[in-house]
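Bear in mind that the values here come from a model prediction, so they are computed numbers and not experimental data. These values consider heavy atoms only, across backbone and side chains, with no hydrogens, waters or symmetry-generated copies.
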Amino acid sequence: YSINIIYFDLGQGKDYVYHGSTEFRGIHNNDILQLSNAQQKQFKLPEISNIFPEYYVLRVDEFDKVAENSLDEWIEFLKTGDISDNAKAQGLPEARERLKRDKMSKSEQQEYNAHIEALRYQRSVIETNMILGKEEGYKEGVEVGIEKGIEKGETQKALQIAQQLMQMNLNIADIIKATGLTEDEINKLK
């Protein structure tokens, strides 16, 4: 798209918005250049004009209506420099906020910028802590997992030893001393 916003009298016409597209006309035969069927399939477009930009001319000075749609709201803004409270066109709420900032005094702008910077810094600190917390949580989880694995392995080894000692007909009190297992754990092996 090529959008031309003009503030001078260009051409003659009653409208304030004009649209145009590229058309290729033969110099000798006055025929219009078309896409072949294969090209239409390849480009997924019906007309050659769809490949090239569309043009819009906004004659801002010719706008003298009440804004009735999104385009009118933008043209009204371009003409007056003001955005009505009722304007809902995409991008205008952001433009309204920017206008408010631009109309602030130097000291107000500095305060506003300091506030925005403080918010940005806080957000950065929070995000960094979240990342570090996840990494720390992951490390802690791995460490806990390793510890539990070692404990489980030690318990398994103690149970194997207890079983061997039971086969050797050692009494339960000696098996408890040798393995650190409880009497219930040893009795479950029987």
Flag if over 12 foreign heavy atoms under 6.0 Å of CD, Gln90: no

Donor-acceptor under 3.5 Å (Glu73 side chain, Ala67 main chain): no

Donor-acceptor pair, side chain of Asp174 and main chain of Leu170, under 3.5 angstrom: no

Spacing of OG1 belonging to Thr179 relative to CD belonging to Gln160, to within rounding of 0.5 Å: 12.0 Å

Under 3.5 Å: donor-acceptor pair, side chain of Arg96, backbone of Ser84: yes

Heavy-atom donor-acceptor pair, Asn29 side chain to Gly26 backbone, under 3.5 Å: no

N/O donor-acceptor pair under 3.5 Å between Glu127 side chain and Ser124 backbone: no

Pair Asp61-Tyr16, side-chain donor/acceptor within less than 3.5 Å: no

Phe24 and Phe52 aromatic centres sub-6.0 Å: yes

Stepwise side-chain contact (heavy atoms from CB on, under 4.5 Å) check, Ile172 with Glu183: CA-CA 7 Å; Ile172 290 182; Glu183 190 172 341; 4.0 Å; yes

Connected-component partners of Phe8 among ILVMFWY, side-chain separation under 4.5 Å: Ile6, Leu10, Tyr18, Val57

Within 6.0 angstrom of Arg101 CZ, more than 12 heavy atoms from elsewhere: yes

Side-chain heavy atoms of Ile186 within contact of Thr182, under 4.5 Å: no

Gap separating the CG atom of Asn69 from the NZ atom of Lys88, nearest 0.5 angstrom: 14.5 Å

Close side-chain approach of Leu78 and Tyr7, heavy atoms under 4.5 Å: yes

Any residue meeting ring-ring contact (aromatic ring centres under 6.0 Å, His included) with His19, in chain and number order, not counting sequence neighbours: Tyr56

NZ/NE/NH1/NH2 to OD/OE distance under 4.0 Å, Arg59 and Asp15: no

Worked check of salt bridge (Lys or Arg N to Asp or Glu O under 4.0 Å) between Asp184 and Lys188: CA-CA 6 Å; Asp184 287 341; Lys188 286 181 184 176; over 6 Å; no

Derivation of the salt bridge (Lys or Arg N to Asp or Glu O under 4.0 Å) call for Arg120 and Glu117: CA-CA 5 Å; Arg120 187 201 60 75; Glu117 180 59 24; 2.4 Å; yes

Whether over 12 other heavy atoms sit under 6.0 Å from Glu94 CD: yes

Electrostatic pair Lys100-Glu97, nearest N-O below 4.0 angstrom: yes

Beyond-backbone contact of Ser2 with Asn4, side-chain heavy atoms, under 4.5 angstrom: yes

Candidate pair Leu99 and Phe77, rule side-chain contact (heavy atoms from CB on, under 4.5 Å), full reasoning: CA-CA 11 Å; Leu99 282 174; Phe77 163 60; 3.6 Å; yes

Spacing of Ile75 atom CD1 and Thr80 atom OG1 [to the nearest 0.5 Å]: 11.5 Å

Non-hydrogen side-chain atoms of Leu181 and Ile175 separated by less than 4.5 Å: no

Whether Gln39 side chain and Ser36 backbone form a donor-acceptor pair below 3.5 Å: yes

Flag, side chain of Arg25 to backbone of Asn30, donor-acceptor distance under 3.5 Å: yes

